[in-house]
There are 2 protein chains.
Amino acid sequence: MGVVGMGTDGRAADLVIENVTALVHGGDGTIDFLPGARIVVRDGVIESVAAAGDSPVPEGVEVIDGRGQVAMPGLINCHTHAPMVMFRGAAEDVSTVDWFNKRIWPMEVNLTADDVELAARLACAEMIAGGVTTFADHYFMMDRVATAVDDTGLRANLGWTYFSSEGPAGFERGLEYALAYRGTAGGRITTSLAPHGVYTVDDADLERTAAAGIEHDLLVHIHAAEHREETRASRARRGLTPIGVLGKTGLLEGRTLIAHAKGTVPEDVPLLQAAQGRVGVGSAPKGYLKVGEDTTPIRLLLAAGVAVGLATDGAASNNTLDVWESMTMTALVQKFVERDELWMSAKQTLGLATLGSAAALGLAGQIGSLAPGHQADVILVDLTGPHTQPVHDLASTLVFSARSADISTTIVAGKVLMRDRKLLTVDVAELSTRLAPRLAALTDTAHGRTIQQYDAV
Amino acid sequence: MGVVGMGTDGRAADLVIENVTALVHGGDGTIDFLPGARIVVRDGVIESVAAAGDSPVPEGVEVIDGRGQVAMPGLINCHTHAPMVMFRGAAEDVSTVDWFNKRIWPMEVNLTADDVELAARLACAEMIAGGVTTFADHYFMMDRVATAVDDTGLRANLGWTYFSSEGPAGFERGLEYALAYRGTAGGRITTSLAPHGVYTVDDADLERTAAAGIEHDLLVHIHAAEHREETRASRARRGLTPIGVLGKTGLLEGRTLIAHAKGTVPEDVPLLQAAQGRVGVGSAPKGYLKVGEDTTPIRLLLAAGVAVGLATDGAASNNTLDVWESMTMTALVQKFVERDELWMSAKQTLGLATLGSAAALGLAGQIGSLAPGHQADVILVDLTGPHTQPVHDLASTLVFSARSADISTTIVAGKVLMRDRKLLTVDVAELSTRLAPRLAALTDTAHGRTIQQYDAV
């Protein structure tokens, strides 16, 4: 036993979390809790998670006291449109078709790059406050989202959305962006190709995307099988389900992240099974309830070997970017739709929030676990509040009683971004003040234009 | 225009909330928001809610600055078992039958009166922190719950649960309690008769209860039509739905609060319509999802003229006593089960949380509205957090983006029970410390005894 935090090179650790109950994974991915743990972080990476000995921490190392708290891998938002926080609550009480055609796509005509960056910063603030340490984003003017990610300290996978209605320029800009920005922000930014969806991007562009994804080892992040109605319409129009379209255009040969996948049907299973290890799904259950639609058939997807992760979608439909809320909702809604109170237990749900979400983004082994060698993306959850006492079953306390506001501390790559609920890299009041005078112009639809027509059903 | 806060008797107001956006009700119960409002409280009652003039507030009056916050009527929990927070997370991943017969009812053999009081205090802390100002409780040793209510400053309707398996003593103790405790805690405690359910209390006891309720003008608070399976079983056994049993035994002639009512069916509608103005339902949607059961058919109940309010049930099934969470879940789940994204709008949901819940408890005109003459039960909701910015639609922000942790201030009868999220009448750390050594004994089921057998399906 040497001095804790002195690595073999004699250099001190960057950060030590003491006296914490650590959520750890067994070899088979099961969830366990290690009380009285010490987590040592060096160079932004987790060096060790172990029962604390008596060895002292050398001076000068930042120490966080984790007493009364649980350390978890930072949450992963597997599908969002971060800048859409600017439209939070601006498209309520409408059908899905009207949400796109009367509200969102006409409002998006109004966007400036400055709006996107400002809103992305606000979204980053919300995610840091909610314990999200990585998010997969799918939007426009993504160079400005990258700036927000770089400045606020988050980790992200970023893809610049394109439609075939833009002509070849859309795909080309997306590819150029993905290649230029991968590995930026000190390696915290990974990138993807982001064709909007199987109903807004034609087969030729999807094939081009699939080939480029494989050639450049890029994730493809796409909306597909968003609901059963899309699946029905796709079958009627072209005799293929949306998942079938992904297969036909080569997108199941590379690494693909599918947003929603609520319209996945049993006939899709063989295709998905063949793509095992390459394909993930991001599920955002709150927004699905809100529009009265089916939820993601997680049992079917897991049985087909698909990695399933948690997501929030954009705040214009989900109203928050709260992945903790998605976690609680996933457990509740899955039990409800399967009519099975034993399915999607608290530990299974924590599995989706950690290893499942990391795998869905193709980042298994890098994030999603408090294990040596993983990125030091850690959150501390304070369980001393009245709503989380007493604790009979820690997994249940986390999934069914705790909420994102109980997260006291958010750490990404070993850097503390929120301490005792105080955000350290972003000023929310300043952002709100700057965004307020833009709201009227952003939500104006009197111009009669739109960025795209929704026609998936 | 005189000096604000000086009533006609020349006595100063007790409390003034300044610069707040107040949730107010139109004459037809619609929800509206009054920005820049001043709320004046005198003798625990709301004296006025109006756009602030320039008149000064006299010295010595407590003033709360509501800038950046929304003032709402305090939340009302229409059905809970507060002391069951001691079993939070102690009965997970079990069927409803096993939840009762293998976990809860055997564990309740272990209860002491001190446990009940201690747990009730913790529950009160959770509810104050979550903006609940009134709760309807249905449990045992309710004299000790009354002590917790009195000490912590909450408002409650309390009923001592009884089963027919106890013989006549159960009903008699319940009636004696209801008569002895009504109007205590400075009038903050009202009481009810609390027969457990239509499947655990026989018709003779239900008839006795109905008669006593009418004779003494007491609310009857009862579990009925808890799920469709109960309705099916009741029909098969005796040719009556559970609502039919309430009708047959006279319980729809007096004031009755029905917990859950998920098994209400269209044939119950005429009976419920005839009881309009007397019958309310408390709905706790989170726990229903968790056990994979149907939810309360709110559309059917509202159409039948039944007052519907929000509830949490006990924390052994719901894992929190968070009525704000019930509010958000109600909107989402109702949209989902009705497959109608336009149903249960944010404003409709706020209506259930305020006037609906007050009416369900038979307290319309006394609580549930920031209107002159109503009890000064007020909460302030801080909307400056990143997850509630920007605000395009305040009702949606409240229902779909805000959460109970955004409540900064909880006021009951004009007394501040939580200020800036600090609880002023209860010490959570002390309660947790005292409860911890009791947990093993409380959850022990090795004795093989039970307080009652569950046999509703």
Less than 4.0 Å between a side-chain N and a carboxylate O, is that true for B/Arg228 and B/Asp294? yes
Under a 4.0 Å threshold between the charged nitrogen and the carboxylate oxygen, would B/Arg88 count as salt-bridged to B/Glu126? yes
N-O pairing of A/Glu92 and B/Lys347 below 4.0 Å: no
Portion of B/Met86 that has a non-hydrogen atom of chain A nearer than 4.5 angstrom: backbone
Looking at A/Arg421 and A/Asp382, does any basic side-chain N land under 4.0 Å from a carboxylate oxygen? no
With a 4.5 Å cut-off on heavy-atom pairs, point out which of B/Met329, B/Arg339, B/Met344 contacts chain A the most. B/Arg339
With the threshold set at 4.0 Å, does a side-chain nitrogen-carboxylate oxygen contact exist between A/Glu325 and A/Lys286? yes
Which atoms of A/Glu293 come close to chain B, meaning under 4.5 Å heavy atom to heavy atom: side chain ones, backbone ones, both, or neither? backbone
Do B/Asp420 and B/Lys422 sit within salt-bridge range, that is, some charged N less than 4.0 Å from a carboxylate O? no
If you count heavy-atom pairs under 4.5 Å with chain B, which of A/Pro390, A/Ser404, A/Cys124 comes out on top? A/Pro390
Leading residue by heavy atom contact count with chain A [cutoff under 4.5 Å; candidates B/Ala395, B/Ala123, B/Ser95, B/Pro386]: B/Pro386
Under a 4.5 Å heavy-atom cut-off, does chain A meet the side chain of B/Val337, its backbone, both or neither? side chain
Sort out for me which of A/Leu332, A/Thr320, A/Asp393, A/Val391 touches chain B most, counting heavy-atom pairs under 4.5 Å. A/Leu332
Of all of A/Leu394, A/Val291, A/Val426, A/Thr328, which one pairs up most often with chain B through heavy atoms under 4.5 Å apart? A/Val291
Given B/Ala346, B/Ser396, B/Ser401, B/Gly89, the one with more heavy-atom pairs under 4.5 angstrom with chain A than any other is B/Ser401
If you tally heavy-atom pairs under 4.5 Å between each of B/Leu122, B/Ile128, B/Leu423 and chain A, the highest tally belongs to B/Leu122
I'd like to know if A/Arg103 and A/Asp98 make a salt bridge, using a cut-off of under 4.0 Å between side-chain N and carboxylate O. no
Relative to chain A, which segment of B/Gln389 carries a heavy atom at a distance below 4.5 Å: side chain, backbone, both, or neither? both
Spacing of CD belonging to A/Glu117 relative to CG belonging to A/Leu431, to within rounding of 0.5 Å: 10.0 Å
Is B/Ala436 in contact with chain A via its backbone, its side chain, both, or neither, using a 4.5 Å heavy-atom distance? neither
Taking only Lys NZ, Arg NE, NH1 and NH2, and the carboxylate oxygens of Asp or Glu, determine whether B/Asp93 and A/Lys335 approach each other closer than 4.0 Å. yes
Considering only heavy atoms, which portion of A/Thr443 lies under 4.5 Å from any heavy atom of chain B: side chain, backbone, both, or neither? side chain
Take the angle between the ring planes of B/His260 and B/Tyr288 and call it parallel below 30°, perpendicular above 60°, tilted in between. perpendicular
B/Thr384, part contacting chain A, at a heavy-atom distance under 4.5 Å: backbone
Any chance you could lay out the salt bridge (charged side-chain N to carboxylate O under 4.0 Å, His left out) test for A/Asp115 and A/Arg438, step after step, and finish with the verdict? CA-CA 8 Å; A/Asp115 294 329; A/Arg438 283 291 298 152; 2.6 Å; yes
Hey, which of B/Gly130, B/Ala402, B/Gly292 has the most heavy atom pairs under 4.5 Å with chain A? B/Gly292
Chain A heavy atoms under 4.5 Å from B/Leu435: which part of the residue, side chain, backbone, both or neither? side chain
Among A/Thr388, A/Leu321, A/Asp340, A/Val333, which residue has the highest count of heavy-atom pairs closer than 4.5 Å to chain B? A/Thr388
Portion of B/Glu338 that has a non-hydrogen atom of chain A nearer than 4.5 angstrom: neither
